[in-house]
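This is a predicted model, so every value here is computed, not measured. All residue numbers refer to positions in the sequence shown, counting from 1.
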Amino acid sequence: MRTLIRLLASIIALLPGGCAAGKPLHTVEKVDLQRYLGDWYEIASFPNRFQKGCVASMATYTLEPDGRIGVFNQCREKTLDGPVRSVRGTARVVDTATNAKLKVTFFWPFYGSYWVIDLDPDYRWAVVGHPGRNYLWVLSRTPVLDTDVYEGILGRLRGQDYDVTRLRRTPQLVSIGTP
């Protein structure tokens with residue numbers, strides 16, 4: 001587990017903070033952190049080394065007593081019934097005017113950018129990006145996201161100069177009765 005955390009920290013530390021060639025990445029106008037807290041299922045993401053072999057990925061965000069956001073990421077290893085892999089970290093808001101730009105760490109003192117770049121008005125889904133466009137996650141409160149909603153997200157990501165062909169759908173555990 002320590003090796004996984006160190007690898008993740010090393011990768012985060014190397015993340016560029018600038019923008020990709022072209023226009024700057026835009027975040028949403030405002031994130032209500034209280035509404036953002038809770039469980040999020042990963043619907044799709046850009047493949048990355050620190051999530052290699054992960055399926056059924058999800059994140060849980062909680063408010064810590066010191067005002068930071070607790071981050072608990074977990075996934076199943078390789079198959080939907082594989083062993084659970086998890087890591088804990090924290091996030092801090094770096095743009096208090098919008099709450100849309102955060103820095104996340106899983107191994108202090110290394111932080112990576114976590115920008116909320118698209119968000120459902122009812123907080124049913126969110127899209128998290130990186131200013132260099134190297135990382136991308138499509139998240140949902142449920143393990144399944146409506147196809148029309150997903151296609152709308154893809155269209156807006158193209159408008160932000162993301163290469164959506166790099167997105168890979170994340171297999172999720174789906175219980176009977178889940179929309």
Applying side chain to side chain contact (heavy atoms under 4.5 Å, CB included) between Arg156 and each of Val127, Asp118, Ile117, Val164, report the one that passes. Asp118
Which atom of Ser45 lies closest to which atom of Gln51, heavy atoms considered: OG-OE1, 4.2 Å
Using the rule that two of Ile, Leu, Val, Met, Phe, Trp, Tyr join whenever any of their side-chain heavy atoms come within less than 4.5 Å, decide whether Val116 and Leu63 are in one cluster. yes
In the single-linkage hydrophobic clustering (I, L, V, M, F, W, Y; side-chain heavy atoms under 4.5 Å), do Leu154 and Tyr41 co-cluster? no
Ignoring hydrogens, what is the shortest heavy-atom contact between Lys23 and Gly159? Give both atom names and the distance. NZ-O, 2.6 Å
Backbone of Thr142 reached by a side-chain donor or acceptor of Arg124 within 3.5 Å: no
Between Ala91 and Arg68, what is the shortest heavy-atom contact and its length? O-CB, 3.4 Å
To the nearest 0.5 Å, tell me how far Asp39 CG sits from Thr62 OG1. 10.0 Å
Closest non-hydrogen atoms of Ile43 and Ser140, given as atom of the first, atom of the second and distance, are CG1-CB, 3.6 Å
What is the distance from atom CG of Leu102 to atom CG of Leu33, rounded to the nearest 0.5 Å? 6.5 Å
Look at the side chain of Lys30 and the backbone N and O of Ala97, then say whether any donor-acceptor pair between them is shorter than 3.5 Å. yes
Using 30° and 60° as the class boundaries, would you call the ring planes of Tyr36 and Tyr123 parallel, tilted or perpendicular? perpendicular
Decide yes or no for Met58 and Cys75: does some side-chain heavy atom of the first lie under 4.5 Å from some side-chain heavy atom of the second? no
Nearest atoms (heavy-atom pairs only) where Pro47 meets Arg166: CD-O, 3.2 Å
Would you say Phe106 and Trp40 are hydrophobically clustered, going by side-chain heavy atoms of ILVMFWY under 4.5 Å? yes
Ignoring hydrogens, what is the shortest heavy-atom contact between Val28 and Val31? Give both atom names and the distance. CG2-CG2, 3.5 Å
Rounded to the nearest 0.5 Å, the CG atom of Asp146 sits from the CD atom of Glu151 at a distance of 10.0 Å
Among the clusters formed by ILVMFWY side chains lying less than 4.5 Å apart, do Leu173 and Val55 turn up in the same one? yes
Should Arg92 and Tyr111 be marked as a side chain to side chain contact (heavy atoms under 4.5 Å, CB included) after you check the CA-CA gap, both sets of side-chain angles, and the distance that decides it? CA-CA 10 Å; Arg92 61 182 170 82; Tyr111 284 85; 3.6 Å; yes
Working to the nearest 0.5 Å, report the span between CH2 of Trp137 and CG of Asn48. 5.5 Å
Given 3.5 Å as the limit, does a donor-acceptor pair link the side chain of Gln172 with the main chain of Glu42, or not? yes
Test your reading of the model: is there a side-chain donor-acceptor pair from Arg76 to the backbone of Gly82, 3.5 Å cut-off? yes
Is it the case that over 12 heavy atoms from other parts of the model lie below 6.0 angstrom from the NZ atom of Lys78? no
Heavy-atom donor-acceptor pair, Thr105 side chain to Phe110 backbone, under 3.5 Å: yes
Is the side chain of Asn73 donor-acceptor paired with the backbone N or O of Val71 at a distance under 3.5 Å, no angle test? no
Output for pair (Tyr61 OH, Phe72 CZ), nearest 0.5 Å, gives 12.5 Å
Among the clusters formed by ILVMFWY side chains lying less than 4.5 Å apart, do Leu25 and Leu167 turn up in the same one? yes
Is the charged tip of Arg141 near the ring of Trp125: under 6.0 Å from the six-membered ring centre and within 45° of its axis? no
What is the distance from atom OH of Tyr150 to atom CG of Leu145, rounded to the nearest 0.5 Å? 8.5 Å
